[in-house]
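Count residues from 1 along the sequence.
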Amino acid sequence: MSSPAVPSAPTGTTSVSILLYSNDRSVRDAVRVGVGERPADDVVVERWMECATPEVTLLEAQTGDYDLLVLDGESQPYGGMGVCRQLKNELFDCPPVLVLTGRPGDGWLATWSQADAVLSRPLDEARLTAAIADLARR
């Protein structure tokens with residue numbers, strides 16, 4: 001007995017799974033809604049994994065199969081910049097990371113964290129989807 005055919009993404013389309021960390025549900029919701037299912041014509045979000053604690057985020061990043069990570073730099077008690085730096089230093093072949101900062105002046109901290117991309121609040125959907133698409137294509 002054969003299994004049903006699974007629809008595949010169109011040729012030239014990149015499907016991604018995203019790990020999203022923020023202790024604030026409204027931030028997680030804003031990111032998911034802002035990115036949508038198709039942040040670009042050639043990029044499709046296949047799955048989201050939301051984490052509200054740094055411990056679960058670190059475990060998921062190490063054991064899950066994610067194409068990119070979105071980390072909230074303003075999370076409490078352990079911010080996304082610290083999580084990013086830890087993952088970049090401890091995880092072999094760490095996926096690209098987008099760090100969300102509280103203000104534009106925090107870009108230097110995101111650089112310290114070794115983030116691949118940085119966006120400051122308030123989140124602009126066009127910049128957010130562009131950043132996700134760019135990281136997905138890497």
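- In this structure, Tyr66 is not a member of the same hydrophobic cluster as Leu128, with clusters built from ILVMFWY side-chain heavy atoms closer than 4.5 Å.
- For the side-chain contact (heavy atoms from CB on, under 4.5 Å) test, residues two or more places apart in sequence or in another chain that qualify with Asn89 are Arg85, Gln114.
- Side-chain contact of Asp106 with Thr101: a donor-acceptor pair under 3.5 Å is absent, judged by distance alone.
- Using a 3.5 Å distance cut-off with no hydrogens or angles, the side chains of Glu60 and Tyr21 do not pair a donor with an acceptor.
- Following chains of ILVMFWY side-chain contacts shorter than 4.5 Å, one can reach Val16 starting from Leu119, so the two form part of one hydrophobic cluster.
- Applying side chain to side chain contact (heavy atoms under 4.5 Å, CB included) to Leu59 and the options Val56, Thr57, Thr63 leaves one that passes, Thr63.
- To the nearest 0.5 Å, the span separating CD1 on Ile132 from CZ on Arg38 amounts to 15.0 Å.
- Residues Gln62 and Leu91 form a side-chain contact, since some pair of their non-hydrogen atoms from C-beta on lies under 4.5 Å apart.
- Of the N and O atoms on the side chains of Asp24 and Ser26, at least one donor lies less than 3.5 Å from an acceptor on the other residue.
- Taking each heavy atom of Ala40 and Arg137 in turn, the nearest pair found is CB-NH2, 3.4 Å.
- For the pair Val97/Leu71, a side-chain contact is recorded, criterion being any heavy-atom separation below 4.5 Å from C-beta on.
- Rounding to the nearest 0.5 angstrom, the gap separating the CD1 atom in Ile18 from the CH2 atom in Trp48 is 4.0 Å.
- No side-chain donor-acceptor contact under 3.5 Å links Ser17 to the backbone of Val45.
- Using a 4.0 Å cut-off between a side-chain N of Lys or Arg and a carboxylate O of Asp or Glu, Asp72 and Arg121 qualify as a salt bridge.
- The distance from atom SG of Cys94 to atom CG of Leu69, rounded to the nearest 0.5 Å, is 5.5 Å.
- Between the side chain of Asn23 and the backbone N or O of Ala52, no donor-acceptor pair lies under 3.5 Å.
- Between Val31 and Val70 the shortest heavy-atom distance is CG1-CG1, 4.2 Å.
- Looking only at side-chain heavy atoms (C-beta outward), Arg32 and Leu20 come within less than 4.5 Å of each other.
- Rounding to the nearest 0.5 Å gives a distance of 8.0 Å between OG of Ser22 and CG of Leu100.
- Side-chain contact between Val118 and Leu98: absent, with no pair of heavy atoms (C-beta onward) separated by less than 4.5 Å.
- Residues Val99 and Gly80 come closest through the heavy atom pair CG2-O, 4.4 Å.
- A continuous path of hydrophobic side-chain contacts links Leu135 to Leu123 [ILVMFWY only; heavy atoms under 4.5 Å].
- At a threshold of 4.0 Å, the pair Asp134-Arg127 does not count as salt-bridged, since none of the basic side-chain nitrogens sits closer than that to a carboxylate oxygen.
- The line from CG of Leu19 to CZ of Arg47 is 8.5 Å long, rounded to the nearest 0.5 Å.
- For Glu74 (side chain) and Gly102 (main-chain N/O), a donor-acceptor pair under 3.5 Å exists by modelled atom type.
- Between Asp67 and Pro96 the shortest heavy-atom distance is O-CD, 3.2 Å.
- Rounded to the nearest 0.5 angstrom, Asp42 CG and Thr14 OG1 are separated by 5.5 Å.
- Taking all atoms of both residues into account, the shortest heavy-atom contact from Pro54 to Val83 is CB-CG2, 4.1 Å.
- The shortest non-hydrogen separation linking Ala110 to Met81 is N-SD, 3.5 Å.
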